[in-house]
Chemist: 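I'd like to ask you about the structure that follows.
Indexing begins at 1, ligand by ligand and atom by atom, following the structure's order. Numbering starts at 1 and runs along the sequence shown.
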Amino acid sequence: MPHSNPRLVSFAAVFEQRVSRRGFVAAAGGTAAIAALGLGAAVPAAQGAARRAGDASDLPRLSPSREDALLLAAGHRYDLVARWGDALWSREPSLTAAGIREGALLAPAAAALQARRFGNNCDAIAYFPLDGRSSRRGLLCVNHEYVRPELVLPGLSSKGRRQALKAMIEANAGLVSTLQAAHGVSVLQVERSARGRWRFVPGAPATRRITANTPCDISGPARGAALLQTAADPAGIRALGTFANCAGGKTPWGTYLTAEENVDDYFGGATSWAAATDDAATVEAHRRFPLFEASVYGWDHSDPRFDLRRNPREPLRCGWIVEIDPRDPQSTPRKRTALGRFSHEGANTILARDGRVAAYMGDDDKFEYVYKFVTRDRFDPRTPDANRDLLDHGTLYVARFDADGGGAWLPLVPDENGPLNSAAGFHDQAEVVIKCRAAADRLGATPMDRPEDVEPSPVTGRVYIACTKNDSRERGSRRGMVSGREIDRGADAANPRLLNEFGHVIELTEDGDDAAATRFRWSVFLLAGDPSVQGSRFLTRTEELLPGRLERGDTYYAGFTDPSRVSPIACPDNLGFDPEGRLWIVSDADSALLGNNGCFVVPTSGPDRGLLRQIASGPVGCEICGCEFTPDGRTLFLSIQHPGEGGSVEAPISHWPDGGDLPPRSAIVAITRDDGREL
Ligand code: FEO
Ligand code: CA
Ligand code: CA
Ligand code: CA
């Protein structure tokens, strides 16, 4: 039975009204013009929402698998759109899987080639329609988060890898440049053929690679701040490149937001620098985003920018949200410092009632926080230029989740009469955003179980927070040092499970359904796990989610009462919404928990609220990222990141996607239904 939910229709209608109240729909040609500005999935849901939002009964589902393949639920198929190493411009050579085995990354011209090829370890995907609101032709922005050395360089294994990598970097002058060129962002044009197959268009006008060496402007309150000044950039206004780009998001004006996440893995020499320096201000700026003597990726062995002893402030120029205009390959990416500096997972936007823009963000580390930025000024759909720097002015908030189901957004603003005063090191907004975690500590924000994607539903406005896992939640009340400050590592209402290996999802409703509100209500939406495990409890009432009383295998599916109909899930990571407003979740778990990572869908409203079903299962060793729909809901783009993790080039444990005995590589895919309908 089709289910109709008037609440869903009304939110989309309210959005249209908000836009048209300012004369935009009439002036600019309605929905097509909104789409031209890249509003993407944020607008058009009304009809579909009424039809299907609460109804999951017709969906097929997969069981968890350990097969080395991208498996899809019955009636679905996928196209491989781009793999690591595919040349983005025509008539240029692509990397081959066999070439990886032969050491292509160590060849003399490897860096220049990689800078014009699809990067490694694809993560976030954002679709920007062309031709108005086309769901058959658009631009994709894709993040390339990191490079796992043993999956791309022959002669390494995960055991003893750091020393072997150091030796390899010291012996190959261009290797770090090649690895840097495999990071960042790709912009590529994709289109769907008359036969329904997706491909990318090499050399299309918007095609672009942004790497760890592409100049980026620093804008917002920290532009020019003393803590961002370096020898190479004494003005503190221009950083080199973006890397560790994890998830992302889109703005209402059609730009891409890429999130710099685990930037701390790239810097070395921290301990010896700290022991020798008298620069207390810089030491304090690093306290809550700690760095180590040995870097994970070894770039510091050949690029002094990544050596703290040479450039102790360089890391402070990383860990930001970066805005990119996908339609202008000449544009300079901008680091939007108003949105704070931390391990940014993503930034997902929605309009507030008065037309200002809210961006929701997670800081993906154990016991870190959830943030929201609200612009000072309103989005102006009639004057695209007026929106260009909206993200430079506004208020950054951090979330406190109260035990009674309420919560507050606490403004991160310097105040001589409050905790963020100059004596505490917060003289101005620049110091607040650079030392964002330390400022949030002082306001009493709630430390969470690794908040990954934080995404508002474009249909209901409710916000979903993927807390991927945190196996350091300890029994009882245990005070201890975590990332440079002392906290209680025990369970709390919003992070109720001890040794939280499977993770959970929180649902947050802003006061007055207004994204600019400073108060909210929240509840646990999903307590992930496997309901079929013997001895585990399938909980159906929120009152049962008692902090510290939940065992490893206990689950809760938004109140859904039939455990035989739901799929098990571990470690939710990225979130997305189809035009009907159903929540899509991709996972990043250790395969020992349930099997390979997958893609899942769950209604958030209606009689099937909580009926979570697995739609895809990835190849061995991968995590799945992306989760981005075309506006018509008929195509879902996913990233298959690091297939074969746990193996090496010589001893691969996955051969996806090239098959045979070839080493694996990351790739993006487009999933459609055989019958061409919405997923
Ligand atoms: Fe890069 Fe939080 O995952
Ligand atoms: Ca992620
Ligand atoms: Ca997302
Ligand atoms: Ca993750």
Chemist: Would you tell me whether Ser65 and Asn596 have side-chain atoms, one donor and one acceptor, within less than 3.5 Å of each other?
Modeler: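 Side chains of Ser65 and Asn596: no pair found under 3.5 Å.
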Chemist: At a cut-off of 3.0 Å, what protein N/O/S atoms sit near the Ca ion (ligand 4)?
Modeler: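 N, O, S partners closer than 3.0 Å: Glu452 OE2, Asp573 OD2, Asp588 OD2.
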Chemist: Can a salt bridge be assigned to the pair Arg317 and Glu260 using a cut-off of 4.0 Å between side-chain N and carboxylate O?
Modeler: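 Salt bridge absent between Arg317 and Glu260.
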Chemist: What orientation do Trp198 and Phe637 show, parallel under 30°, tilted 30 to 60°, or perpendicular over 60°?
Modeler: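 Rings of Trp198 and Phe637: perpendicular, over 60°.
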Chemist: Evaluate the criterion ring-ring contact (aromatic ring centres under 6.0 Å, His included) for residue pair Phe342 and Tyr371; output intermediate values, then yes/no.
Modeler: CA-CA 10 Å; Phe342 44 89; Tyr371 296 84; 4.1 Å; yes
Chemist: In the structure I gave you, are the side-chain heavy atoms of Phe525 and Arg462 within less than 4.5 Å of one another anywhere?
Modeler: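 No; the side chains remain at least 4.5 Å from each other.
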Chemist: Show, in sequence, the C-alpha distance, side-chain angles and deciding distance for Tyr266 and His183, and conclude whether the ring-ring contact (aromatic ring centres under 6.0 Å, His included) test is met.
Modeler: CA-CA 12 Å; Tyr266 292 79; His183 283 66; 5.4 Å; yes
Chemist: Scan side-chain atoms only and decide if Asp453 and Asn348 contain a donor-acceptor pair under the 3.5 Å cut-off.
Modeler: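 Judged by distance alone, the side chains do pair up.
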Chemist: Taking side-chain contact (heavy atoms from CB on, under 4.5 Å) as the test, write out the residues that go with Leu240, two or more places apart.
Modeler: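 Testing Leu240 for side-chain contact (heavy atoms from CB on, under 4.5 Å), a comparison that skips the adjacent residues, returns Asn213, Pro215, Arg305.
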Chemist: Assign the ring pair Trp584 / Phe629 to parallel, tilted or perpendicular, where the plane angle (0 to 90°) is split at 30° and 60°.
Modeler: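 Ring orientation of Trp584 relative to Phe629: perpendicular.
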Chemist: Would you mind checking if Arg497 and Asp449 are paired as a salt bridge, meaning a charged N to carboxylate O distance below 4.0 Å?
Modeler: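 No, Asp449 and Arg497 are not salt-bridged.
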Chemist: Is the closest basic N to carboxylate O distance between Lys372 and Glu510 below 4.0 Å?
Modeler: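 The answer is yes: the pair qualifies as a salt bridge.
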Chemist: Near atom 2 (Fe) of ligand 1, which protein N/O/S atoms fall under 2.8 Å?
Modeler: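 Correct list: Glu261 OE2, Glu345 OE1, Asp364 OD2, Glu452 OE1.
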Chemist: Taking 3.0 Å as the upper limit, name the protein N, O or S atoms near the Ca ion (ligand 3).
Modeler: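 For the Ca ion (ligand 3), the protein N, O and S atoms that sit under 3.0 Å away are Asp453 OD2, Glu455 OE1, Leu575 O.
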Chemist: So, applying side-chain hydrogen bond (donor to acceptor under 3.5 Å, both in side chains) with Gln641, which one of Asn121, Asp123, Asn143, Asn120 is it?
Modeler: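 Only one of Asn121, Asp123, Asn143, Asn120 forms a side-chain hydrogen bond (donor to acceptor under 3.5 Å, both in side chains) with Gln641, namely Asp123.
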Chemist: Is it true that Lys366 and Asp471 make a salt bridge, defined as a side-chain N closer than 4.0 Å to a carboxylate O?
Modeler: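 Looking at Lys366 and Asp471, the cut-off is met.
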